[in-house]
Amino acid sequence: MRIEVERFDAMTAFLGETVERIVLHNAKGVSVELMTYGALMLAINVPDKNGVVENVLLSYEHLEDYVSNPMYMGATIGPNAGRLAGGKLQIRDEVYSLEINEGISNLHGGRKGFHTKIWTMMGEQVGTDRCSVTLGLEHEHLEDGFPGNIAVKAVFTLYDDGKLTLLYSAISDRACHLNMANHNYFNLSGNEKTEISEHLLMLRSKGFYEVDTHNLPIFDLVSQECSEFDFSQQSSLMKALHGDRGGIDHPFVLEHDRLSDAPQVVYEDPISGRRLEVTTDQPCAVIYTNNIGYKHHMGICFEMQQVPNKVNLLEGGEPYINETTYRFSVVSS
Ligand code: FUC
C-alpha cells in the first residue's frame, strides 16, 4: 500500500491557490486519484478480466473544466445534495435564503458548493492492508446561504482486496441542513470505451420517486417491478436509457437489512468483466445516467444521500455520518 501526494500544478495554476493531487495505491494495481479541489475523485484504476488496469470514472478531456465542473464530475457534494425547491431553507423559526442555480431549486449546494472548495489535507495513513487520506473543510455559517459552522471530513480508504470506502463526517455548531453525496460517474468498460447501455444493474430498492418537470421528487413510492426501471433482477440499462424517460435521474429508496451487508447496487460490464458493488448507510440513491449533452449515457452516478428536497436536520453537536463502500472485482466468464 502506498500514497503519493504532490502539488497539482495545472489545477493550482487555474485556481491561483495550491491544490494537491493524491494517489492511493494497493498492491494489486488498483489506484484511486483524488484532488483537494472539490474532494474529488479524478480516476479509479482497476483491472478487467484479463488484468488490464483502466480508469472506470468519467473525466473531462480538459482539466480546466473541473474548475466550474458543470457535471459535478467525481466531486463531493454539499451542503445540499440534490435539489431544494424555492431557494428558502427553513430550520425551526429561521428561514435562510439559498442560491437558485437550476430552475426553481438550489442544486448541489449552488454554484459554489463543496465541489468548488479547496479541501485541506488532514492526514494520511498507510497500513499493511489499507491506505487512507483525510480531507477537511470548514463551512462558515451562512457561507453560500447555508447555516452552521460545519467541520466536514472526507476519508478515502483503499484496501488491498479492491474495496474503497468513502466516509463523510461532520459536526456543526448549530442546527443546520446537511446532505452530502459523491458524484462519480462509473463506466466499467475502462477508459470510457463504450457507453453504458449494455452494463448490467441490480438494485436492492423499495422503489423510486417519479420526478416533476423541475426534477423534484413526487413523494409517492413507485415499485421498480413492471417499470422500465426494474432492476430487482440483474438487467441491462438499455430499457432505462432508451425508454420513455430517456434515462434515469430519480431517487431510489434503498433496502437496508440489519443482518446483512449485502450491497444495494451491483453494477457489471459483461465485456470487461468488471463488477462494482456499492453498499451504503444512506437511505436513498439518486441514480443519474447523464441524460443530455456532453458524454451522454457514458456513465452512471449512484449518489448515496438522504431523500432530496427535504431538510436533513443536523442539530448542533450531533455527528453526521455518511459511509459508502465500493467493492471492485471481476466476473469470470
Ligand atoms: C444529478 C441530477 C441532476 C443533474 C446533476 C448533474 O444529481 O439529479 O439532474 O443534472 O446531477
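All ligand and atom numbering here is 1-based and tracks the order in the structure.
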Determine whether [X] and [Y] make a side-chain contact, defined as any pair of heavy atoms from C-beta on separated by less than 4.5 Å.
| X | Y | value |
| --- | --- | --- |
| Ser205 | Ser232 | no |
| Thr12 | Arg7 | yes |
| Trp119 | Tyr37 | no |

(message) Determine whether the aromatic ring centres of residues Tyr185 and His183 are separated by less than 6.0 angstrom.
(response)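 That pair passes the under 6.0 Å test.
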(request) Check Glu192 against Asn187 and note the closest heavy-atom contact, atom names and distance. (result) CA-ND2, 4.0 Å
(message) I'd like the residue list for ligand 1, meaning every protein residue with a non-hydrogen atom under 4.0 Å from the ligand.
(response)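 Only Tyr72, Arg83, His108, His183, Tyr185, Asp249, Tyr288, Glu303 have heavy atoms that fall under 4.0 Å of ligand 1, ordered by chain and number.
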(message) So that I can tick it off, tell me whether Asp144 and Lys117 are bridged by a salt bridge, with the cut-off set at under 4.0 angstrom between side-chain N and carboxylate O.
(response) yes
